[in-house]
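Data block below; observations after.
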Amino acid sequence: MENAPQFLFVETFRYLRRSGKLKLQLVSLDMEGRNEDLYTITHYPDRQIHSSRWTVSAGLVCLSTDCRIYLCNPAIHQLRELPDCSPSAIPGYEHFGFGYLHSKKEYKVVRFFYMGPPGTLPVDVVLAQLRCEVFTLNSGGILNSRWKEIVEQPPYHPVFPGVLVNECMYWLAKDKVVYYGQPRVMSFDFENEKFISICCPSAFVDFQGLDLMDLKGTVCLPDYANFLKSSILDLWILKDKVSCSWAKEYSINLGIRFDPEELGCFYSSWNEEIIFRQQLGVMMVVFFYDIKTKCFRQVEIHGRGPYHIYWKTLFSLDS
């Protein structure tokens, strides 16, 4: 479906106060701030889905709870649960990534989980082994797809949902599950099913405000900690993931326009624009910064984040 990009929000609220039942609503907004109610879900089996972690790629939404992963196409009102994953997974410690491979016309869901012997409790996750599996969705639909466990063990423990850049998935990660320490980046190549360990630039000493993004087909790491101190947002670009080579290619002075303490540490990109958000009561102001012209534009919208860039698609989850 050819269409202009939009923002996508997921909102939850009670629609039957006495029963405590929740309504899950997916709302899109165009780049001018006009909204559209895409899909409202009032009956779903998993009560955790209203607070799930979620991300978007090529028109589909991936939602992850402690025990389940769902795919949703809000444009055609489809919500489907993915098949069960490894039975030896310890519940409550899952991380995921989601993206669309244009070269193969396939969606990929990457799921990390901690595997332990039968009866392992969540508190024992430090003693468990980190594993990874991949779910591939193509025109055959969810019922004809299965999870595939990756032979290689991940080198790091992912912290946030992954970002897809040039058909490789990247995660911010840490050395050990029980503490954060020095930030790391981990990549996964879908073609050879191999992980690569990537060191962050020396300027990054903790995870404060860190968020990877795709900037013009490259992995970008904004330096939010420096922004809090100087009002200048440095953008570091990954030049070579094998040699861990980074370059600080952009420095954006936001001091006049923004109070660093009030600007949300969420970044996204569209074309050659960096997108920031600032919450002002019930109103959210979304700012676009063109890295070529060095100019700002803004859109005021009703709603609260997080949001994702979204295109509608007619891709069916069934077949």
Side-chain angles (χ1 to χ4, degrees), residues 1 8 52-65 67-76 78-86 89 93-115 130-173 185-198 211-214 217-219 238 241 268-269 308-319:
M1 181 186 292
L8 184 70
S52 61
R53 301 167 295 276
W54 64 285
T55 187
V56 176
S57 185
L60 296 189
V61 181
C62 182
L63 305 101
S64 173
T65 70
C67 302
R68 299 179 178 91
I69 295 179
Y70 300 85
L71 290 181
C72 174
N73 186 340
I76 58 175
Q78 287 185 332
L79 176 69
R80 302 290 185 268
E81 181 182 347
L82 296 190
D84 289 339
C85 308
S86 173
Y93 288 93
E94 297 178 359
H95 299 275
F96 73 104
F98 176 61
Y100 180 72
L101 306 187
H102 290 273
S103 64
K104 295 187 175 182
K105 297 182 179 180
E106 294 177 338
Y107 289 89
K108 298 282 190 178
V109 181
V110 184
R111 172 180 174 269
F112 295 91
F113 61 95
Y114 294 99
M115 186 172 64
L130 180 64
R131 302 300 302 175
C132 173
E133 53 191 0
V134 176
F135 185 87
T136 300
L137 174 64
N138 50 37
S139 57
I142 287 178
L143 291 179
N144 295 311
S145 303
R146 294 291 181 269
W147 290 97
K148 177 184 178 182
E149 186 165 341
I150 303 304
V151 175
E152 182 179 356
Q153 185 174 357
Y156 297 135
H157 301 263
V159 177
F160 305 118
V163 58
L164 187 70
V165 181
N166 286 332
E167 304 202 345
C168 286
M169 193 71 71
Y170 295 81
W171 293 265
L172 286 168
V185 175
M186 176 175 64
S187 76
F188 179 73
D189 189 318
F190 289 104
E191 189 67 31
N192 60 25
E193 298 184 344
K194 297 293 184 181
F195 290 97
I196 293 181
S197 307
I198 305 170
D211 199 2
L212 290 172
M213 68 177 180
D214 179 353
T218 60
V219 178
L238 180 63
K241 60 184 177 182
S268 183
S269 65
H308 290 273
I309 303 297
Y310 167 78
W311 282 264
K312 290 182 179 179
T313 179
L314 295 178
F315 182 93
S316 175
L317 299 175
D318 297 326
S319 61

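Keep in mind it's a predicted model, so treat the numbers as computed, not measured.
Here the side chain of Thr55 pairs no donor or acceptor atom with the backbone of Cys62 at under 3.5 angstrom. No side-chain donor-acceptor contact under 3.5 Å links Trp171 to the backbone of His157. Distance alone, capped at 3.5 Å, is enough to place a donor-acceptor pair between the Gln78 side chain and the Leu317 backbone. Looking at Trp147, its side chain does come within 3.5 Å of a backbone N or O of Pro83 through a donor-acceptor pair.
A search for ring pair (Phe, Tyr, Trp, His ring centres under 6.0 Å) contacts involving Phe315 returns Tyr107, not counting sequence neighbours.
For the pair Glu152/Glu193, no side-chain contact is recorded, criterion being any heavy-atom separation below 4.5 Å from C-beta on. The shortest side-chain heavy-atom distance between Leu137 and Leu82 does not fall under the 4.5 Å cut-off. Side chains of Pro155 and Met186 form a contact here, defined as non-hydrogen atoms less than 4.5 Å apart. Counting only heavy atoms from C-beta outward, the side chains of Tyr100 and Leu60 never approach each other to under 4.5 Å. With contacts defined as side-chain heavy-atom distances shorter than 4.5 Å, the pair Asn73/Ser316 does not qualify.
With respect to Glu133 and Arg131, no salt bridge is recorded, no charged nitrogen being found less than 4.0 Å from a carboxylate O.
Between Lys108 and Val134, the shortest heavy-atom contact is CD-CG1, 3.9 Å.
Within 6.0 Å of CD on Gln153 lie more than 12 heavy atoms contributed by other residues, nucleotides or ligands.
For the atom pair CZ of Phe188 and NZ of Lys194, the computed distance is 9.5 Å after rounding to the nearest 0.5 Å.
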